[in-house]
Amino acid sequence: MPTSAAKMDEPYYCSQQINIPPELPDILKQFTKAAIRTQPKDVLAWSAAYFRAMSKGEIPPVKERLEMPVATQKIDSGLTQGLLRVLNKQLGPKLTVTTQQVEEKWLDLALPIEQCHDIFRVGNFHQKFEWIKFFALAASTLGDNITDAMKTVCEILTTDPEGGPARIPFKLFQEIYLFLADIDGEISQQQMTDVISHLQYDVDKQDGYVMPRNFLSVDCPQLS
């Protein structure tokens, strides 16, 4: 049992002696807001990824807003539109990525690695590949068909504000649509041509942009 003398030797702190870094309250406030918006499955692993990204000046794995379930989204997919948006913010600027980079960001969000590997397999991605192609296949896991995938693509890649028309450049739309149609393997060349030709009429009036409203129209040929 400690003696009174031993207790006298123990350091005694008062509030005036404790130095709190001035940046700490704001850092913790922003971290808490980010955690609430993102709702990570593994809080500790996500927290490590968050502060690692912040210390390196990189984009942290944070959702822009609290995400609500989407009717067309597969509940058991692990990936969500909000999480795919996070991945695109982190990896999209790189244009070309490696399997290691994708796996690292994927695991930061506590997503099932098997799903990531399935996308690698379907896209025949090895070592280095175009991010936009991985992104397209990831978007296709969130719905039931290519139409759902292209709607997700537009909603994530658009620069329009939330609730806007979700426009993207038609050239980008064509690149992603034709890639997914080729991966599908059951969409004829004629069907792809009919879709592109029909949309071109709208695009010419929209400064080279296409939006979901165009390909969801009953007048547009089915994407798949």
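Just so we're clear, the structure is a prediction, and the values are computed from it rather than from any experiment.
Under the 4.5 Å side-chain heavy-atom criterion for ILVMFWY residues, a single connected hydrophobic cluster contains both L91 and L137. M211 and I196 sit in two unconnected hydrophobic clusters of ILVMFWY residues. Membership requires side-chain heavy atoms under 4.5 Å apart, directly or through other members. Linking ILVMFWY side-chain heavy atoms closer than 4.5 Å, directly or via other members, places W106 and V122 in a single hydrophobic cluster. No continuous path of ILVMFWY side-chain contacts below 4.5 Å connects I59 to L83, so the two sit in separate hydrophobic clusters. A continuous path of ILVMFWY side-chain contacts below 4.5 Å connects L87 to L180, so both sit in one hydrophobic cluster.
Annotation: side chain to side chain contact (heavy atoms under 4.5 Å, CB included) contacts of K41 (sequence neighbours excluded): A110. In this structure Q189 satisfies the side chain to side chain contact (heavy atoms under 4.5 Å, CB included) test together with M192, T193, sequence neighbours excluded. Not counting sequence neighbours, the partners of E155 by the side chain to side chain donor-acceptor pair (under 3.5 Å) test are Q81, K151. Take E130 and apply the side chain to side chain donor-acceptor pair (under 3.5 Å) test, not counting sequence neighbours, and it matches K133. For F129, the ring-ring contact (aromatic ring centres under 6.0 Å, His included) criterion is met by F120, F125, not counting sequence neighbours. In terms of the salt bridge (Lys or Arg N to Asp or Glu O under 4.0 Å) criterion, residue partners of E162 (sequence neighbours excluded) are, by chain and number, R65. For the side chain to side chain contact (heavy atoms under 4.5 Å, CB included) test, residues two or more places apart in sequence or in another chain that qualify with V203 are F170, Q200, V210. Judged as a ring-ring contact (aromatic ring centres under 6.0 Å, His included), and not counting sequence neighbours, the contacts of F215 are F173. For Y201, the ring-ring contact (aromatic ring centres under 6.0 Å, His included) criterion is met by no residue, not counting sequence neighbours. The side chain to side chain contact (heavy atoms under 4.5 Å, CB included) search around D219 returns H198, S217, not counting sequence neighbours.
There is no side-chain donor-acceptor pair under 3.5 Å between T98 and Q127. In this model, a donor atom of one side chain and an acceptor atom of the other lie less than 3.5 Å apart for N214 and Q206.
A distance of 9.5 Å separates CG in D182 from CD1 in I187, rounded to the nearest 0.5 Å. Taken from CZ in R85 to NZ in K63, the straight-line distance is 10.5 Å, to the nearest 0.5 Å. To the nearest 0.5 Å, atoms CD1 (I168) and CD1 (I156) are separated by 11.0 Å. Note that the OG atom of S140 and the CZ atom of F179 stand 8.5 Å from one another [nearest 0.5 Å]. Taking CZ of R52 as the reference point, atom CD of E104 lies at 5.5 Å (rounded to 0.5 Å). Between the SG atom in C116 and the CG atom in L79 there is a gap of 10.0 Å [rounded to 0.5 Å].
Between the side chain of Y177 and the backbone N or O of L223, at least one donor-acceptor pair lies under 3.5 Å. Between the side chain of T152 and the backbone N or O of D148, at least one donor-acceptor pair lies under 3.5 Å. Remark: side-chain polar atoms of Q30 are not paired, donor with acceptor, to backbone N or O of I27 under 3.5 angstrom. A donor-acceptor contact shorter than 3.5 Å links the side chain of Q191 to the backbone of S224. With hydrogens and angles disregarded, a donor-acceptor distance shorter than 3.5 Å links the side chain of Q39 to the backbone of I36. Judged purely by atom type and a 3.5 angstrom limit, R37 has no side-chain atom pairing as donor or acceptor with the backbone of L66.
Listed by first and then second residue, the ring-ring contact (aromatic ring centres under 6.0 Å, His included) pairs that reach into residues 22-51 are F31-W46, F31-Y50, F31-F51, W46-Y50, sequence neighbours excluded. Evaluation of the salt bridge (charged side-chain N to carboxylate O under 4.0 Å, His left out) test over residues 186-215, restricted to residues two or more places apart or in two chains, returns none.
Scanning both residues, C154 and A166, for their nearest heavy atoms gives CB-O, 3.4 Å. Heavy-atom minimum distance, E67 versus G82: OE2-N, 2.6 Å. Contact detail for T141 and A138: the closest heavy-atom pair is OG1-O, 2.6 Å.
For I20, the CD1 atom is loosely surrounded, since the number of other residues' heavy atoms within 6.0 Å does not exceed 12.
Of the charged side-chain nitrogens involved, at least one lies within less than 4.0 Å of a carboxylate oxygen, so that E58 and K105 count as a salt-bridged pair.
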